[in-house]
2 protein chains.
Amino acid sequence: MRRLLELQQKLLPDLIQVLRQRYMLLRSIYHLQPIGRRGLAQAMDTTERILRAEVELLKETGLLHVTAAGMSLSEEGQQVLDDMEPLVGDLFGLTDLAERLQKKLGISEVIVVQGNADQSPWVKEELGRVGARVLKQVVQEGDIVAVTGGSSIASVASHLTPSASFKNVQFVPARGGLGERVELQANTLASAMAAKTGASYRLLHVPDRLHPEALQTLVKEPQVQDVLSLLGETRIVLHGIGDAVTMARRRNYSEEELAELVETGAVSEAFGYYFNEAGETVHRMPTIGLQLEEVHKAETVLSIAGGESKAKAILSFAKQSCQNVLITDEGAAYTLLSARL
Amino acid sequence: MRRLLELQQKLLPDLIQVLRQRYMLLRSIYHLQPIGRRGLAQAMDTTERILRAEVELLKETGLLHVTAAGMSLSEEGQQVLDDMEPLVGDLFGLTDLAERLQKKLGISEVIVVQGNADQSPWVKEELGRVGARVLKQVVQEGDIVAVTGGSSIASVASHLTPSASFKNVQFVPARGGLGERVELQANTLASAMAAKTGASYRLLHVPDRLHPEALQTLVKEPQVQDVLSLLGETRIVLHGIGDAVTMARRRNYSEEELAELVETGAVSEAFGYYFNEAGETVHRMPTIGLQLEEVHKAETVLSIAGGESKAKAILSFAKQSCQNVLITDEGAAYTLLSARL
DNA sequence: ATATACAGGGACATAAAACGTCCCGATCAA
DNA sequence: TTGATCGGGACGTTTTATGTCCCTGTATAT
């Protein structure tokens with residue numbers, strides 16, 4: 001049954017949404033019947049008119065009848081309500097998860113997609129799709145969008161589509177070279193996103209593993225300066241969250257460096273910063289780019305990370321309390337919620 | 001699954017309608033790809049603009065991709081189309097038709113596709129697509145599949161795809177030359193099916209309109225004997241059903257022969273046999289190949305015929321009561337059901 | 001190589017639908 | 001009887017959907 005829903009959702013993306021709404025409407029009427037339009041609208045936190053359209057539809061279908069005293073469920077409506085019961089779990093599981101995560105992590109908006117990115121590859125695609133949708137919603141003309149590397153963000157890039165909202169938007173890589181594969185690097189993704197949306201982009205060309213002195217020289221370059229100052233005006237940060245050890249490995253840390261990192265208690269990584277469980281910065285990649293305080297200044301910080309393996313990292317990064325939106329999956333969500341506190 | 005659809009039909013009739021449309025759109029694109037907006041709009045009898053909105057949505061969902069040559073289904077779109085197959089019957093009320101036909105004709109499985117093959121050319125394609133799917137399901141390693149000629153079976157051939165199920169399968173023409181156009185002959189189709197699926201095939205080279213004596217000689221040929229003995233082990237018969245007069249005309253019967261045929265009461269034709277309304281053999285094409293009793297021995301007899309013009313013929317052939325699966329269309333189904341008895 | 005037909009995407013005026021808002025007579029409960 | 005609340009009607013406004021045309025690029029046939 002769940003498969004059917006997934007299938008249908010590919011053809012009707014907002015099917016679940018509508019199904020939820022109608023179900024809640026039916027349920028509310030059941031609890032409040034007989035109830036008038038206005039009262040119901042208030043109870044459901046919607047407007048009178050919009051509710052009216054829904055009600056008219058359900059009335060035509062014969063799920064509710066209308067008397068002078070107000071609306072109430074017909075027998076068939078009652079039946080439908082009962083029949084839907086087994087669906088409700090699937091239908092609302094995610095919303096419920098999201099709300100609980102929201103409270104636990106103190107993030108203003110949490111979106112949970114189905115599945116576990118560690119197990120099913122399509123979940124990462126779903127994270128990307130949702131990420132792209134959210135970005136499209138929050139982006140405004142002329143925005144600076146700082147993007148990091150990583151497969152989750154790459155997935156967002158692949159799901160972006162052109163839209164008027166991206167007018168004069170600039171995608172800027174959050175950090176210089178971090179030693180990852182080129183197709184997952186911030187530079188690559190910034191350019192990919194620009195290409196997909198019709199926006200423009202900047203690059204931050206910083207060789208990997210540069211000596212600190214060389215870095216200092218590089219920072220003074222006008223081209224680099226230019227990008228850094230743009231990053232200072234970042235309005236939206238789009239980033240992934242990594243498990244500290246995994247990220248360090250991917251970035252070819254030596255065993256000694258790795259041991260050192262573990263010693264500091266690092267559990268999460270984002271834009272080159274490594275954080276411990278308390279959310280304190282314990283290590284930084286030797287490169288230039290977006291500073292942590294600039295992330296805090298950004299209006300929207302959009303974090304994307306899925307898979308139960310990311311749970312600890314997500315919890316750690318959430319301590320930054322600068323995230324506005326977290327997009328994750330069931331795998332991570334369940335693990336997070338089952339963890340202590 | 002069916003219950004969920006019923007529920008949804010009650011709770012979101014509007015969306016289910018949209019689901020139908022989208023499905024049909026996907027299917028049309030499949031049949032016509034690559035196809036442009038305008039051509040598609042015409043084919044689907046809708047306007048360019050309205051189709052465009054739909055297409056944009058499906059594109060965002062990733063179900064189809066767009067090239068300079070036109071639109072075509074993505075792999076995912078293809079997958080969705082396949083996955084939806086079991087839904088289609090319920091979605092369009094065809095399951096009900098199928099069940100009624102099943103009872104009336106006494107066939108173990110009936111599948112009804114939308115439309116009327118007499119009116120819309122794509123219906124024949126659809127019959128072929130479904131036929132190919134069913135064949136793929138029933139076929140087993142090492143099977144002998146006897147195939148006849150005709151446009152319906154040709155359509156099946158064009159929709160077959162490689163699959164592990166076709167390992168060591170042999171496609172064998174059910175009958176020798178029947179005087180039809182070469183692209184619709186059994187020989188051609190057997191070879192086409194083998195090519196499409198990666199299976200092997202045999203040919204039955206029998207010149208049209210051979211004298212009975214010459215036929216007897218031919219039968220003794222080792223090559224021919226070989227194929228005939230293979231036909232004796234036929235496990236699956238894949239055949240079309242024709243209207244007797246139409247088939248005779250197509251096979252260049254003289255007016256006298258035709259009159260004679262009509263005289264006998266022939267109404268249907270299949271693998272060179274002509275049957276009357278009672279299902280009795282009243283005439284045979286002078287050629288060699290699969291015998292009627294061998295058809296009865298086959299485990300699966302898959303009949304494909306659509307269009308209201310075929311209704312009488314389908315009813316006649318059903319009297320053989322050896323069919324396992326009948327694939328037909330709405331046109332034939334309604335006509336069959338409205339007929340007496 | 002070149003012509004041609006057809007592809008998708010952009011643009012824009014207009015039609016249509018959705019929505020917010022108010023009003024009205026009917027109805028029910030007190 | 002009265003007062004609150006009901007559903008349904010009406011209507012202006014906003015948003016969305018739709019019809020229509022044009023443009024540029026690209027396959028394909030010549």
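Every value quoted in this text rests on a predicted model; they were computed, and no experiment measured them. Note on naming: letters A, B, ... go to the chains in the order of the sequence lines (proteins, then strands), and numbering restarts at 1 for each one.
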According to side-chain hydrogen bond (donor to acceptor under 3.5 Å, both in side chains), who are the partners of Gln140(A), at least two apart in sequence or on a separate chain?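 In terms of side-chain hydrogen bond (donor to acceptor under 3.5 Å, both in side chains), with neighbours along the sequence ignored, Gln140(A) is linked to no residue.
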Find the distance Gln42(B):CD to dC6(C):P and express it as a whole number of Å.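 That distance rounds to 11 Å.
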Contact class for Leu40(A) (heavy atom, under 4.0 Å): base, sugar-phosphate, or nothing?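 If one applies the 4.0 Å heavy-atom cut-off, Leu40(A) turns out to touch nothing in the nucleic acid.
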Pairs of donor and acceptor atoms involving the side chains of residues 54-62 of chain B, under 3.5 Å and at least two apart or interchain, shall be tabulated with distances.
| residue | atom | partner | partner atom | Å |
| --- | --- | --- | --- | --- |
| Glu54(B) | OE1 | Arg22(B) | NE | 2.8 |
| Glu54(B) | OE2 | Arg22(B) | NH2 | 3.4 |
| Thr61(B) | OG1 | Leu57(B) | O | 2.7 |

Scan side-chain atoms only and decide if Lys136(B) and Thr161(B) contain a donor-acceptor pair under the 3.5 Å cut-off.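 Distance-only check passes for Lys136(B) and Thr161(B).
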Carefully, step by step, assess Met84(B) and Val80(B) under the rule side chain to side chain contact (heavy atoms under 4.5 Å, CB included). CA-CA 6 Å; Met84(B) 283 207 63; Val80(B) 167; 4.1 Å; yes
Is there a side-chain contact between Ile16(A) and Arg20(A) in this structure, where contact means two heavy atoms from C-beta onward sitting under 4.5 Å apart?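 Yes, at least one pair of side-chain atoms sits under 4.5 Å.
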Under a 4.5 Å cut-off applied to non-hydrogen side-chain atoms, are Leu63(B) and Leu73(B) in contact?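 Side chain of Leu63(B) against side chain of Leu73(B), heavy atoms only: no contact under 4.5 Å found.
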For the OH atom on Tyr30(B), are there more than 12 heavy atoms of other groups (residues, nucleotides or ligands in this structure) within a distance under 6.0 Å?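 Atom OH in Tyr30(B) is crowded, with more than 12 foreign heavy atoms closer than 6.0 Å.
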Report the C-alpha separation of Leu15(A) and Gln8(B) in whole Å, then their side-chain angles, then the decisive distance to 0.1 Å, and conclude whether the side chain to side chain contact (heavy atoms under 4.5 Å, CB included) test is met. CA-CA 10 Å; Leu15(A) 176 113; Gln8(B) 291 179 331; 3.9 Å; yes
Which residues in residues 57-71 of chain B have at least one heavy atom lying under 4.0 Å from any atom of DNA chain C? Lys59(B), Val66(B), Thr67(B), Ala68(B), Ala69(B), Gly70(B), Met71(B)
Calculate, to the nearest 0.5 Å, the distance between atoms [atom1] and [atom2] belonging to [X] and [Y] respectively.
X	Y	atom1	atom2	answer
Thr148(A)	Leu184(A)	OG1	CG	10.0 Å
Leu160(B)	Arg133(B)	CG	CZ	12.5 Å
Thr47(A)	Gln42(A)	OG1	CD	12.5 Å

Which of residues 11-25 of chain B sit near DNA chain D, with a heavy atom under 4.0 Å from it? none
Pairwise N/O distances under 3.5 Å, protein to nucleotides 17-23 of chain D:
| residue | atom | partner | partner atom | Å |
| --- | --- | --- | --- | --- |
| dG19(D) | OP2 | Thr47(B) | OG1 | 2.3 |
| dG19(D) | O6 | Arg49(B) | NE | 3.2 |

If you fit an axis to the five pairs at each end of the helix from dA1(C)-dT30(D) to dA30(C)-dT1(D), how big is the angle between those two axes, to 10 degrees?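 If I round to tens, the end axes sit 40° apart.
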Determine whether Gln114(B) and Met24(B) satisfy the following criterion, side chain to side chain contact (heavy atoms under 4.5 Å, CB included), listing intermediate values before the conclusion. CA-CA 10 Å; Gln114(B) 278 190 291; Met24(B) 291 197 293; 3.9 Å; yes
Would Leu40(B) and Thr46(B) count as a side chain to side chain contact (heavy atoms under 4.5 Å, CB included) here? Give the steps. CA-CA 8 Å; Leu40(B) 189 54; Thr46(B) 176; over 6 Å; no
